[in-house]
Amino acid sequence: MKEILIEQNPHWSGAKSHFVRRKKLDKLIEYLPLRQIITITGIRRCGKSTLAKEAIQYLIDSGVSPKNILFVNLEQPIFLEFKHNPSYLGKILDEYQKLMSPTGKLFVIFDEIQFFDNWQVFIKSKYESSDIKFIITGSNSSMLYSELNTMLSGRSLNIHLDTFSFAEVLDYYGIGYKSEFERLKNKIEIARVKDEYLRWGGFYEALQIKDESTKKELLASYAKNIIYQDIIPRYGIRNYDVVERLFFYLLSNVTGILNYTTLSKIFDISDKSIKEYISYFEDVFLFARIDRYHDKPKEQIKSTKKLYALDNGFLRLIASGSQNLGAALENLVYLHLKNTNEKVYYLKDRFEVDFCVQNSLYQVSYDISDEKTKKREFGAFEHFKTPNTKECTLITFDTNEEIGGVRVVSYDNFVLGGL
């Protein structure tokens with residue numbers, strides 16, 4: 001085991017890590033002095049481990065001895081036979097302390113902790129009896145939240161990490177965007193990255209690949225690994241082929257309204273099973289559903305749901321290979337709104353507004369050069385606008401203007417902020 005620990009902790013030997021700085025690092029740094037356990041949740045391969053390693057470098061730069069910091073990826077094959085024994089986490093900690101003889105406060109990072117059953121029992125005992133700051137990462141929201149709330153209520157602070165945002169992708173490419181000068185100077189590069197991000201999303205490894213067929217293979221492998229590692233065994237699902245087919249079918253319905261009855265007929269299983277499978281997809285951050293807004297909470301809960309993918313790259317996996325750019329843009333806008341607002345809804349009766357957030361209305365249209373399209377989008381605003389409506393915003397791919405009190409804004413200006 002000691003060899004594995006040395007391999008996973010190169011900072012003990014003085015190695016320095018260099019990463020693209022993630023926006024959530026600031027929040028993680030803010031939480032480090034606090035007593036609570038820090039949890040980092042997010043889809044596999046979104047960069048949770050890297051964010052934790054960014055924190056390691058920050059701690060070392062701040063004067064913490066490298067030997068006082070332990071990082072362990074718990075999905076290593078060496079740990080497989082012990083996954084049903086949470087006390088083995090204690091053995092890992094003991095071996096580390098024998099190896100490094102740290103003194104004072106310890107920082108212990110357990111990566112993909114859900115790999116161990118009943119991990120929260122060990123974490124709670126150490127949290128209450130030792131001077132250890134725990135950072136734990138996990139790829140299943142319900143698993144972490146239910147177990148934290150049961151055993152560690154009030155003892156944890158969560159950071160949710162998504163794949164790279166548009167701003168982080170620009171940072172990755174070293175393209176400046178924070179001033180009007182930079183936006184104008186880098187206009188062509190920003191437009192190129194915007195188009196790439198719309199089509200391929202923000203997985204870090206996908207950004208590094210130029211060949212589109214290889215990108216597609218990588219993203220398909222991500223999705224299948226999540227289904228077969230995090231869903232099938234976790235919930236003991238026997239008809240695993242249905243789960244995979246449902247996932248790929250749902251990709252073709254992203255931004256649409258879910259009809260569980262229709263889906264149950266297509267897949268020849270109960271609508272109850274359909275709902276369960278979709279909730280599993282949500283647990284591992286593949287999809288998200290939003291409610292239709294209603295002023296009565298009970299009706300809102302019962303409302304039909306709209307479906308969104310949590311990375312645009314997955315939309316490229318649809319069998320036909322085609323992509324609706326309007327749906328792709330709407331999906332990107334949703335990802336931005338959900339990260340900047342607690343609740344996101346949609347509105348629908350005779351008309352439909354894509355998003356309603358804190359009394360502001362948002363429509364998404366890739367291109368509004370067609371008068372029929374423009375009339376439809378503006379008509380929806382007029383239908384739902386009330387005296388309490390703060391603003392109406394129409395997000396397009398590359399149009400910026402104001403029409404009749406409606407702010408028409410390009411996606412890049414919408415998410416990066418107007419200057």
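Every heavy atom of this structure was used, including side-chain atoms; hydrogens, water molecules and symmetry mates were not. Throughout, numbering of the chain's residues begins at 1 and tracks the sequence. Only a predicted model underlies this, so the values are computations on that prediction, with no experimental measurement involved.
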Non-hydrogen side-chain atoms of [X] and [Y] separated by less than 4.5 Å:
{"X": "Gln114", "Y": "Arg234", "value": "no"}
{"X": "Leu394", "Y": "Phe381", "value": "yes"}
{"X": "Leu258", "Y": "Ile274", "value": "no"}
{"X": "Leu307", "Y": "Tyr334", "value": "no"}
{"X": "Phe281", "Y": "Leu246", "value": "yes"}

How about [X] and [Y]: does a side-chain donor come under 3.5 Å of a side-chain acceptor?
{"X": "Tyr235", "Y": "Asp283", "answer": "yes"}
{"X": "Thr163", "Y": "Asp311", "answer": "yes"}
{"X": "Thr304", "Y": "Tyr346", "answer": "yes"}
{"X": "Thr261", "Y": "Asp271", "answer": "no"}
{"X": "Gln300", "Y": "Tyr345", "answer": "yes"}
{"X": "Asp412", "Y": "Ser410", "answer": "yes"}
{"X": "Asn331", "Y": "Asn312", "answer": "yes"}

Spell out, as yes or no, whether a donor-acceptor pair under 3.5 Å connects the side chain of [X] to the backbone of [Y].
{"X": "Asp354", "Y": "Val364", "result": "yes"}
{"X": "Asp211", "Y": "Thr214", "result": "yes"}
{"X": "Tyr96", "Y": "Lys67", "result": "yes"}
{"X": "Asn324", "Y": "Ala327", "result": "yes"}
{"X": "Asp370", "Y": "Thr373", "result": "yes"}
{"X": "Trp12", "Y": "Ile69", "result": "yes"}
{"X": "Ser13", "Y": "Ala15", "result": "no"}

Flag the pair [X] / [Y] as yes when their ring centroid distance falls below 6.0 Å, and as no otherwise.
{"X": "Phe285", "Y": "His160", "value": "yes"}
{"X": "Phe267", "Y": "Tyr249", "value": "yes"}
{"X": "Phe116", "Y": "Phe122", "value": "no"}
{"X": "Tyr293", "Y": "Phe384", "value": "no"}

Check ring-ring contact (aromatic ring centres under 6.0 Å, His included) between Phe248 and all other residues, then give those that pass, not counting sequence neighbours.
none

Heavy-atom pair of closest approach, residues [X] and [Y]:
{"X": "Ile38", "Y": "Lys133", "answer": "CD1-CE, 3.6 Å"}
{"X": "Tyr366", "Y": "Gly326", "answer": "CB-CA, 4.0 Å"}
{"X": "Leu315", "Y": "Ala328", "answer": "CD1-CA, 3.9 Å"}
{"X": "Lys48", "Y": "Cys46", "answer": "CG-SG, 3.6 Å"}
{"X": "Phe351", "Y": "His383", "answer": "CD1-CG, 3.4 Å"}
{"X": "Ile227", "Y": "Pro233", "answer": "O-CD, 4.5 Å"}

For a quick test of your reading: what N or O donor-acceptor pairs under 3.5 Å do the side chains of residues 78-86 make, sequence neighbours left out?
| residue | atom | partner | partner atom | Å |
| --- | --- | --- | --- | --- |
| His84 | ND1 | Asp117 | OD2 | 2.4 |
| Asn85 | OD1 | Ser87 | N | 3.2 |
| Asn85 | OD1 | Ser87 | OG | 2.4 |
| Asn85 | ND2 | Ser87 | OG | 3.3 |

I'd like to check the salt bridge (Lys or Arg N to Asp or Glu O under 4.0 Å) partners of Lys275; sequence neighbours left out, ordered by chain and number.
none

Give the C-alpha distance, both sets of side-chain angles, the deciding distance and a yes or no for salt bridge (Lys or Arg N to Asp or Glu O under 4.0 Å) between Lys305 and Glu282.
CA-CA 13 Å; Lys305 318 297 181 189; Glu282 288 183 306; over 6 Å; no

So, are Lys343 and Asp291 salt-bridged, with charged N and O less than 4.0 Å apart?
no

Is the shortest side-chain N to carboxylate O distance from Arg192 to Glu196 below 4.0 Å?
yes

Please work out which of the three classes, parallel, tilted or perpendicular, describes the rings of Tyr277 and Tyr280, given edges at 30° and 60°.
tilted

Show your reasoning for whether salt bridge (Lys or Arg N to Asp or Glu O under 4.0 Å) applies to Glu382 and Lys385.
CA-CA 5 Å; Glu382 287 300 319; Lys385 191 166 61 173; 3.4 Å; yes

Could you please spell out the steps behind the side-chain contact (heavy atoms from CB on, under 4.5 Å) verdict for Tyr204 and Thr50?
CA-CA 11 Å; Tyr204 177 73; Thr50 301; over 6 Å; no

For the ring-ring contact (aromatic ring centres under 6.0 Å, His included) test, which of Phe166, Tyr172, Phe203, Tyr173 pairs with Tyr197?
Phe166

Test His336 against every option in Phe414, Phe355, Tyr362 by the ring-ring contact (aromatic ring centres under 6.0 Å, His included) rule and name the one that passes.
Phe414

[atom1] of [X]: more than 12 outside heavy atoms within 6.0 angstrom?
{"X": "Gln208", "atom1": "CD", "value": "yes"}
{"X": "Asp268", "atom1": "CG", "value": "no"}
{"X": "Arg35", "atom1": "CZ", "value": "yes"}
{"X": "Arg44", "atom1": "CZ", "value": "yes"}
{"X": "Tyr240", "atom1": "OH", "value": "no"}
{"X": "Lys105", "atom1": "NZ", "value": "yes"}

Among Leu5, Ile132, Ile56, which residue satisfies the side-chain contact (heavy atoms from CB on, under 4.5 Å) criterion with Leu70?
Leu5

Can you spot which of Ile368, Val353, Thr396 makes a side-chain contact (heavy atoms from CB on, under 4.5 Å) with Gln363?
Val353

Is there a salt bridge (Lys or Arg N to Asp or Glu O under 4.0 Å) between Asp195 and Arg199 once you walk through the steps?
CA-CA 6 Å; Asp195 184 67; Arg199 298 169 187 273; 3.1 Å; yes

Stepwise side chain to side chain donor-acceptor pair (under 3.5 Å) check, Glu95 with Gln97
CA-CA 5 Å; Glu95 289 297 312; Gln97 291 178 303; over 6 Å; no

Step by step, would you call Arg21 with Glu54 a salt bridge (Lys or Arg N to Asp or Glu O under 4.0 Å)?
CA-CA 8 Å; Arg21 185 184 175 95; Glu54 285 186 87; 5.7 Å; no

Output, in order, the C-alpha distance, side-chain angles, deciding distance and verdict of side-chain contact (heavy atoms from CB on, under 4.5 Å) for Leu416 and Leu170.
CA-CA 11 Å; Leu416 299 176; Leu170 291 173; 3.9 Å; yes

Rounded to the nearest 0.5 angstrom, the CD-CG distance for Glu30 and Leu25 is 11.5 Å

